[in-house]
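The figures here come from the full heavy-atom set of this structure, side chains too, leaving out hydrogens, waters and symmetry mates.
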Amino acid sequence: MQKILPRQTHRSESSYTAVRVGGNKKNQRKVFLRDTKTRENSPRGCWEACPDRHLDLNMKPSLESCEDTPLLSDVTQPTHSLHTPLLTSTASDMPYNTGWSVFPKEIAINMEKALGGGNLLEVVSVVRGTLKKASNAPVSIAVTGDSGNGMSSFINALRGIGHEEEDSAPTGVVRTTQIPTRYFSPHFPNVVLWDLPGTGAAIQSLESYMEEMKFSQYDLFIIIASEQFSMNLAKLAKIIQGLGKRFYVVWTKLDRDLSTSALLEERLLKNIWENIRETLQKEGVCEPNIFLVSSLEPLLHDFPKLRGTLHRDISDIRYHGPLDSLSHIYEKAIKDKVTTCRGKIVSKSFDTLGIWNADDLEESLMAYRLLFGVDDESLQQMAQSMGKPMEEYRAIMKSRDLYSVLREDWPLSCMNCNTVSCLYSFLRCIPLLGDFIFNSLRKWKHRRLLEIVAKDTRAILKKILTQSII
């Protein structure tokens with residue numbers, strides 16, 4: 001299907017519109033149309049995307065990898081800025097994704113219900129289902145840098161295709177990329193690689209560039225450099241760091257540097273590395289991942305390391321939001337349960353907690369473990385579901401038995417020693433004051449046991465989340 005891309009407007013005062021047809025430089029042709037409006041009257045804003053052109057999260061990467069959304073339904077419509085990103089006007093059509101901006105309410109309810117009932121098996125089921133969906137979430141990666149640094153060539157190398165293939169990114173001409181263009185690769189499923197227009201030489205325009213490119217919509221940035229790492233790129237890195245986004249610095253033309261430099265390879269690589277690091281430090285930018293590669297040699301230098309790091313970061317981006325949400329849910333559920341139990345301890349309603357002898361610490365410990373779903377039987381069932389030995393979970397628990405609790409918690413151990421026990425017996429003989437002190441100490445011991453079990457529950461749930469990552 002042929003595509004008509006928005007024309008570049010701020011580079012020329014001509015009243016003619018140059019429209020590029022076709023997704024690749026090798027089969028592109030230019031059509032010149034008479035523009036009915038002057039450049040000064042051209043509105044600036046986001047294109048309205050066709051609803052049938054948005055990214056399908058379930059489909060496999062298209063062979064037609066260069067999809068320039070949106071299409072122009074009327075080639076004579078007003079012009080737009082060169083840097084206008086391909087954004088849609090509705091959230092449902094948004095091709096970008098930084099995880100789940102809103103955590104599904106149904107998942108939150110099911111998680112809270114399972115935790116409230118102390119049902120670890122159900123917790124495992126909810127966590128696995130949630131993270132399985134997250135593993136397929138789309139991730140948007142923006143490739144940017146100064147014009148002429150080889151961004152399109154790098155995208156082709158990262159995708160593992162040659163420059164002459166039909167769906168490759170156009171290369172070889174400065175500022176070939178005039179609008180953000182998206183590409184796909186089977187090596188990175190459900191990942192969109194956005195080839196952004198170059199920043200140009202005007203440092204003062206970076207803020208405008210960031211706004212027009214909608215930097216907040218991307219999950220990760222790859223800053224491309226060659227020949228020199230300019231202050232312009234350092235300022236760009238500072239902007240990205242200020243947004244709290246991950247970014248890499250990739251030096252792309254190492255083959256040319258090695259062939260023209262009189263320095264030994266080791267020394268040359270060190271010089272390039274130090275130049276990038278020092279330039280970033282001048283702008284107060286924390287040192288990012290730096291990769292020195294050749295787009296013509298995608299199997300050499302830092303390219304394999306780059307791919308491995310990118311795969312890990314893509315996984316982190318997908319799971320970060322859901323894991324944070326699940327952690328927040330179980331923290332709140334545990335906090336609420338602890339608050340409820342404390343109220344029952346204060347009112348001496350121990351029977352509602354499954355405790356019949358409030359002075360028996362071993363019985364009380366087992367009751368609290370059962371209440372939170374970390375008793376041995378529940379742990380065994382959960383461990384089988386996770387395909388792990390139960391001892392792997394018991395090993396991180398302080399509350400696995402009373403002996404372990406008293407050994408590792410010295411305040412509780414002191415309160416349970418023979419001397420203090422004798423003091424309890426003596427205090428109970430004192431009217432009013434003795435009962436008050438005795439009851440206060442008993443409540444303190446129960447609150448202590450409760451906190452220990454709650455802490456162990458958090459540790460178990462954290463381990464479940466970590467082990468459930470696909």
Side-chain angles (χ1 to χ4, degrees), residues 24-26 61 65-66 139 141-174 176-177 181-189 191-196 198 220-230 233-234 236-237 246-280 287-317:
N24 191 284
K25 185 178 67 175
K26 293 174 286 299
S65 59
C66 174
V139 173
I141 299 175
V143 179
T144 184
D146 289 339
S147 301
N149 277 350
M151 292 175 283
S152 298
S153 297
F154 169 77
I155 287 179
N156 289 337
L158 187 62
R159 295 167 65 211
I161 66 174
H163 301 319
E164 300 303 318
E165 295 189 31
E166 184 178 357
D167 58 346
S168 65
T171 62
V173 180
V174 176
T176 295
T177 302
T181 307
R182 62 184 179 183
Y183 297 92
F184 302 94
S185 170
H187 301 297
F188 300 95
V191 172
V192 186
L193 297 170
W194 288 93
D195 188 0
L196 302 187
L220 186 148
F221 291 81
I222 299 178
I223 300 176
I224 302 299
S226 64
E227 297 184 7
Q228 67 169 343
F229 190 77
S230 65
L233 294 181
L236 181 63
R246 304 176 191 227
F247 69 96
Y248 304 159
V249 171
V250 178
W251 187 274
T252 57
K253 299 180 181 180
L254 191 57
D255 57 300
R256 186 175 64 184
D257 300 322
L258 291 172
S259 64
T260 58
S261 175
L263 297 175
L264 294 175
E265 179 176 343
E266 183 179 353
R267 183 60 188 174
L268 176 63
L269 297 180
K270 185 178 180 180
N271 286 353
I272 295 173
W273 188 287
E274 289 179 349
N275 172 256
I276 294 173
R277 185 173 57 185
E278 290 173 2
T279 308
L280 290 173
E287 184 176 329
N289 285 311
I290 300 174
F291 303 97
L292 309 182
V293 306
S294 166
S295 295
L296 300 179
E297 300 169 325
L299 299 179
L300 302 179
H301 311 298
D302 285 343
F303 233 123
K305 181 182 176 183
L306 166 61
R307 286 196 183 90
T309 304
L310 189 56
H311 275 294
R312 288 192 296 272
D313 280 346
I314 288 171
S315 178
D316 288 346
I317 289 168

Q: Just how far is it from atom CD1 of I272 to atom NZ of K270, taken to the nearest 0.5 Å?
A: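 These two atoms lie 13.5 Å from each other.
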Q: Hey, mind stepping through D302 and L254 against side-chain contact (heavy atoms from CB on, under 4.5 Å) and telling me if it holds?
A: CA-CA 10 Å; D302 285 343; L254 191 57; over 6 Å; no
Q: How close do T144 and M151 get, heavy atom to heavy atom, and via which atoms?
A: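 Result for this residue pair: C-SD, 3.2 Å.
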Q: At their closest point, which heavy atom of P288 faces which heavy atom of V249, and how far apart are they?
A: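 Scanning both residues, the minimum pair turns out to be CG-CG2, 3.9 Å.
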Q: Is any side-chain heavy atom of L233 closer than 4.5 Å to a side-chain heavy atom of S230?
A: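 Side chain of L233 against side chain of S230, heavy atoms only: contact under 4.5 Å found.
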Q: Looking at side-chain heavy atoms only, is the closest gap between F291 and K305 below 4.5 Å?
A: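 Yes; the side chains approach each other to less than 4.5 Å.
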Q: If I take atom CD1 from residue I290 and atom CH2 from residue W273, how far apart are they, to the nearest 0.5 angstrom?
A: 5.0 Å
Q: Hey, what do you get for CG (N289) to CG (L310), rounding to the nearest 0.5 Å?
A: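 Spacing of CG (N289) from CG (L310) equals 10.0 Å.
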Q: Can you check side-chain contact (heavy atoms from CB on, under 4.5 Å) on L158 and V143, steps first, answer last?
A: CA-CA 11 Å; L158 187 62; V143 179; 5.9 Å; no
Q: Taking all non-hydrogen atoms of both residues into account, name the closest pair between N149 and S226 and its distance.
A: OD1-OG, 3.1 Å
Q: To the nearest 0.5 Å, how far apart are NZ in K253 and CG in L296?
A: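 Rounded to the nearest 0.5 Å, the NZ-CG separation comes out at 9.5 Å.
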Q: In Å, rounded to the nearest 0.5 Å, how long is the span from CG of L269 to CG of D257?
A: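 The CG atom of D257 is 9.0 Å from CG of L269, to the nearest 0.5 Å.
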Q: Treating R307 as the side-chain partner and P298 as the backbone partner, does any N or O pair qualify as donor plus acceptor under 3.5 Å?
A: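 Side chain of R307 to backbone of P298: a pair is present.
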Q: Enter the distance from I276:CD1 to N271:CG here, rounded to the nearest 0.5 Å.
A: 11.0 Å
Q: May I ask you to test the L220-Y248 pair for a side-chain heavy-atom distance under 4.5 Å?
A: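 Result yes, sub-4.5 Å side-chain heavy-atom pair found.
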Q: Search all heavy atoms of F247 against all heavy atoms of A237 and return the closest pair with its distance.
A: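 Nearest pair, atom of F247 first, then A237: CE1-CB, 3.8 Å.
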Q: Got a sec: does the CD of E287 have more than 12 other heavy atoms crowding it under 6.0 Å?
A: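 Yes, because the 6.0 Å sphere around CD of E287 holds more than 12 heavy atoms from other groups.
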Q: What are the two closest heavy atoms between E227 and R256, and how far apart are they?
A: OE2-NH2, 2.8 Å
Q: Taking all heavy atoms of F303 and all of E297, pick out the closest pair and write down the distance.
A: CD1-O, 4.1 Å
Q: I'd like to know if the side chain of S294 and the backbone of H301 have a donor-acceptor N/O pair within less than 3.5 Å.
A: no
Q: For a side chain to side chain contact (heavy atoms under 4.5 Å, CB included) with I141, tell me which candidate from D313, I317, I222 qualifies.
A: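 The option that passes is I222.
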Q: Between L193 and F184, is the side-chain contact (heavy atoms from CB on, under 4.5 Å) condition met? List the steps.
A: CA-CA 6 Å; L193 297 170; F184 302 94; over 6 Å; no
Q: Side chains of V139 and F188: does their closest heavy-atom pair fall under 4.5 Å?
A: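 No - every pair of side-chain heavy atoms lies 4.5 Å or more apart.
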